[in-house]
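Chain A is the first sequence line, chain B the second, and so forth, proteins listed ahead of strands; every chain is numbered from 1.
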Protein chains: 2
Amino acid sequence: MKTIADLARLAGVSKSTVSRALNDSPLIGGETRRRIRAIAREHRFQMNEAARRLSLKQSQIVALVTYAYQPDWAVADAFSLEIMSGVSTGLHANGYDLLLIQITPKDTEWVGRYLGSGRADGFIVMAASCTQQHISTLVEANAPFIIWGSMPASHDYCSVDGDSFAGGRTAAAHMLRSGRRRVAFIGGPARAREVQERYRGYLAALREAGTQAEDALVEYGDYSPASGAAAMRALLERAGDLDGVFVSSDLMAIAAIEELHAQGRRVPEDVAVVGYDDVSLAAHSDPPLTTIRQNGPLAGRLLAENLVQNLRTGAVTNVTIPADLVVRKSA
Amino acid sequence: MKTIADLARLAGVSKSTVSRALNDSPLIGGETRRRIRAIAREHRFQMNEAARRLSLKQSQIVALVTYAYQPDWAVADAFSLEIMSGVSTGLHANGYDLLLIQITPKDTEWVGRYLGSGRADGFIVMAASCTQQHISTLVEANAPFIIWGSMPASHDYCSVDGDSFAGGRTAAAHMLRSGRRRVAFIGGPARAREVQERYRGYLAALREAGTQAEDALVEYGDYSPASGAAAMRALLERAGDLDGVFVSSDLMAIAAIEELHAQGRRVPEDVAVVGYDDVSLAAHSDPPLTTIRQNGPLAGRLLAENLVQNLRTGAVTNVTIPADLVVRKSA
DNA sequence: CCCATGAACGCAACCGGTTGCAACCGCGAT
DNA sequence: ATCGCGGTTGCAACCGGTTGCGTTCATGGG
């Protein structure tokens with residue numbers, strides 16, 4: 001592999017000139033630059049990144065932080081893939097590489113390990129798989145990072161989030177518009193911010209439709225299918241005449257549908273169901289699930305772009321992406 | 001951030017001694033080593049990786065090669081995630097980092113871009129998303145790499161693959177054992193090696209059960225649900241009394257089941273169905289799909305470990321991992 | 001005609017590690 | 001007392017880029 005010193009010799013100039021020519025420095029004359037670049041191309045020159053990074057004191061790498069895989073976690077569906085893909089393209093477009101790192105819940109050294117050693121310039125973390133602890137670690141280390149998902153009310157770091165309020169509103173409005181009178185709400189953990197937002201959206205839709213909100217129509221779970229079925233059961237007991245339900249996750253929604261079937265209700269004839277996430281099996285469930293989907297690739301791209309911007313300018317941005325309704329058969 | 005020069009000053013020794021102590025060089029006395037490491041720990045020392053890589057001429061990074069995300073490709077299910085996770089843990093355990101790179105079909109420069117610049121030491125590629133072209137590029141560049149999936153008969157590079165033969169055999173045997181007499185075969189593309197292997201396994205199971213193989217019972221598709229349904233339709237026309245079918249992919253299997261239902265057959269009462277892959281929706285299909293699953297995390301770990309071994313010793317290994325039957329309701 | 005000015009480029013230090021080789025130590029053997 | 005030797009440690013070069021500053025040369029203005 002050739003070095004810029006080799007190119008310099010070939011071109012009859014100095015290392016500095018080659019370096020500058022390759023980096024589009026205005027200090028170099030047009031003719032010289034062209035000649036040097038031609039030689040570089042001709043020899044398939046590839047700059048040694050390690051050396052460059054050493055000099056520049058930056059790696060042009062951002063790390064996507066994930067937890068170690070938990071078999072029971074297989075829920076990590078296609079959306080993660082989509083987001084990763086988006087992050088990757090967004091990063092590459094800006095000259096950055098994507099590092100995938102796995103951490104354990106109790107590990108608090110990882111920030112230093114990657115930032116201090118210069119293996120990464122910044123981080124992308126997922127709110128879903130990330131404790132408050134981890135976030136504090138990041139801010140204390142003064143690490144550049146961006147987070148996907150809902151964040152505490154007061155925060156001073158970058159983020160990209162789905163529009164949970166709009167998602168909840170759209171879902172509920174869809175059912176109300178098609179004539180449903182008593183639509184219930186099944187959430188994830190009540191303290192999860194995105195769940196609260198979806199609930200607020202649900203409420204807004206009810207209000208706009210002139211419908212009364214009822215406490216008897218809301219129930220919470222923990223995103224597990226079992227909890228979805230349990231919540232459905234509870235609702236049915238308290239309000240047997242409900243004719244629609246907005247569920248905060250597809251997996252819970254599918255479990256809820258099974259529960260409905262078990263109790264002899266037809267979906268969507270008797271009760272409409274709309275889920276959230278549009279996981280891959282949503283399209284193949286019985287009946288195919290109407291649900292709210294977020295644009296994964298877009299989310300990824302925004303995560304990448306905003307982090308890079310933060311890296312370059314220090315700007316901290318908070319953007320939210322739309323949540324779209326995909327209508328199938330269940331509502 | 002401190003450098004080894006700083007540590008050297010603090011410890012009253014030279015840079016070289018610090019470097020050696022930190023790298024467990026046998027040249028350093030036990031006492032000195034301990035003292036230096038203590039100081040390093042105390043100051044939360046993190047070695048500058050860029051500098052280290054420049055000296056060592058290796059990055060301790062391997063790149064996982066993926067294609068840019070294609071929306072119509074959403075099939076890239078949980079298995080990819082599992083495999084990635086496995087690769088990640090396997091790599092970290094060996095002191096390597098995982099880089100995620102995306103390439104386009106016509107890009108032929110990527111090998112040089114990453115290898116020549118020292119951004120990665122080796123590659124992991126997926127047979128499924130990888131043309132013969134890409135492989136040639138890799139071998140010509142003399143790049144260290146390992147591939148997941150079936151490879152051409154003659155090859156001299158590392159690989160990890162699922163045991164398709166055993167998978168096909170197990171699937172067919174399961175149905176035969178439970179009394180099915182005429183079990184059919186629906187494959188993916190006939191020229192795909194893994195499909196051929198699964199077919200051979202299917203044949204072996206028939207032979208072992210003393211059953212006659214029939215050409216009328218085999219049909220091929222292209223992994224798309226539509227092709228699965230079409231294949232099922234064709235089989236039903238030719239051999240209306242079949243009572244079992246082994247399908248080369250879950251998505252096709254689910255489509256086949258829908259076709260069976262459409263024609264008034266019950267699953268599994270009238271005809272048993274076994275799929276392949278155990279995608280996330282297999283557990284939730286109607287009826288829940290009996291299928292063949294491969295251990296993604298294991299595959300990933302093996303990919304990582306064997307590539308690292310190749311990097312260190314040059315050994316080229318070809319390993320295959322088991323394909324396990326997961327029995328649900330469809331067979 | 002001379003000097004200030006700026007464009008284009010070279011010199012050499014620096015980034016922070018690694019490593020071959022020389023230097024030094026105390027020791028038992030000759 | 002001298003020599004040889006194994007065990008430790010330091011010196012300095014090297015990895016391949018980047019960049020502040022000085023140098024060279026042509027040009028335009030006084």
What is the separation between atom CG on Leu56(B) and atom C1' on dT19(C), rounded to the nearest whole Å? 10 Å
Which atom pairs, donor and acceptor, lie under 3.5 Å between side-chain atoms of residues 146-153 of chain B and protein residues at least two apart or in another chain?
from	atom 1	to	atom 2	distance (Å)
Ser150(B)	OG	Glu194(B)	OE1	3.3

Distance in angstrom units between Asp6(A) CG and dC15(D) P, rounded: 11 Å
Those residues at least two apart in sequence (or on a different chain) that pass side chain to side chain donor-acceptor pair (under 3.5 Å) with Thr137(A) are none
Interatomic distance where CG belongs to Leu7(A) and P belongs to dG17(D) [whole Å]: 8 Å
Taking every non-hydrogen atom, the tightest pair across Asp163(B) and Pro322(B): CB-CA, 4.4 Å
Ignoring hydrogens and geometry beyond distance, is the side chain of Ser55(A) in donor-acceptor contact with the base of dG17(D) at under 3.5 Å? yes
Side chain to side chain donor-acceptor pair (under 3.5 Å) involving His43(B) - partner list, sequence neighbours excluded: none
In whole Å, what is the span from the CG atom of Leu54(B) to the P atom of dT19(C)? 12 Å
Nearest to the side chain of Ile4(B), heavy atoms from C-beta on, is which of dT18(C), dC15(C), dC15(D)? dT18(C)
Distance (rounded to the nearest 0.5 Å) between Glu49(A) CD and Leu54(B) CG: 11.5 Å
Set of side-chain contact (heavy atoms from CB on, under 4.5 Å) partners for Glu109(A), sequence neighbours left out: Asp107(A), Arg113(A)
Just so I know, are the side chains of Ile101(A) and Leu98(B) near enough to count as touching, which here means a heavy-atom distance under 4.5 Å? no
Value in whole Å for how far the P atom of dT8(D) lies from CZ of Arg35(B): 14 Å
Base versus backbone protein contacts along nucleotides 4-13 of chain C [heavy-atom cut-off under 4.0 Å; B, S, -]: ----BSBBB-
Rounded to the nearest angstrom, tell me the gap between atom CD in Gln60(B) and atom P in dT18(C). 12 Å
Can you pull out every salt bridge (Lys or Arg N to Asp or Glu O under 4.0 Å) where at least one residue sits in residues 149-159 of chain A? Sequence neighbours excluded, please. none
For residues 115-124 of chain B, which residue pairs pass the salt bridge (Lys or Arg N to Asp or Glu O under 4.0 Å) check, not counting sequence neighbours? Asp97(A)-Arg119(B)
Taking atom types as modelled, is there a side-chain donor on Ser85(A) or Gln102(B) under 3.5 Å from an acceptor on the other? yes
Phosphate OP1/OP2 of dG16(C): any Lys2(B) side-chain N/O under 4.0 Å: no
Nearest whole Å is fine: how far is dG17(D) P from Arg53(B) CZ? 16 Å
Tell me which residues in residues 36-51 of chain A lie within less than 4.0 Å of DNA chain C, going by non-hydrogen atoms. none
For DNA chain C, find the residues of residues 111-123 of chain B with a heavy-atom distance under 4.0 Å and give them by number; none if there aren't any. none
Acceptor/donor pairs from residues 303-315 of chain B side chains to any protein atom, 3.5 angstrom cut, sequence neighbours excluded:
from	atom 1	to	atom 2	distance (Å)
Glu305(B)	OE2	Arg301(B)	NE	3.4
Asn306(B)	OD1	Thr317(B)	OG1	2.9
Asn306(B)	ND2	Leu302(B)	O	2.8
Asn310(B)	ND2	Ala315(B)	O	3.0
Arg312(B)	NH2	Asn94(B)	OD1	3.3
Thr313(B)	OG1	Gln309(B)	O	2.9
Thr313(B)	OG1	Ala315(B)	N	3.1

To the nearest 10°, let me know how far the axis at one end of the helix from dC1(C)-dG30(D) to dT30(C)-dA1(D) is tilted from the axis at the other, five pairs an end. 60°
salt_bridge(Glu82(B), Arg293(B)) N-O dist < 4.0 Å: yes
Could you tell me if Asp161(A) and Thr320(A) have a donor-acceptor pair between their side chains, going purely by distance under 3.5 Å? no
Pairs where residues 14-31 of chain A contributes a residue and the test side chain to side chain donor-acceptor pair (under 3.5 Å) is met, not counting sequence neighbours: Ser14(A)-Ser16(A), Ser14(A)-Thr17(A), Asn23(A)-Arg52(A)
Whole-Å distance between dG16(C) C1' and Arg9(B) CZ? 13 Å
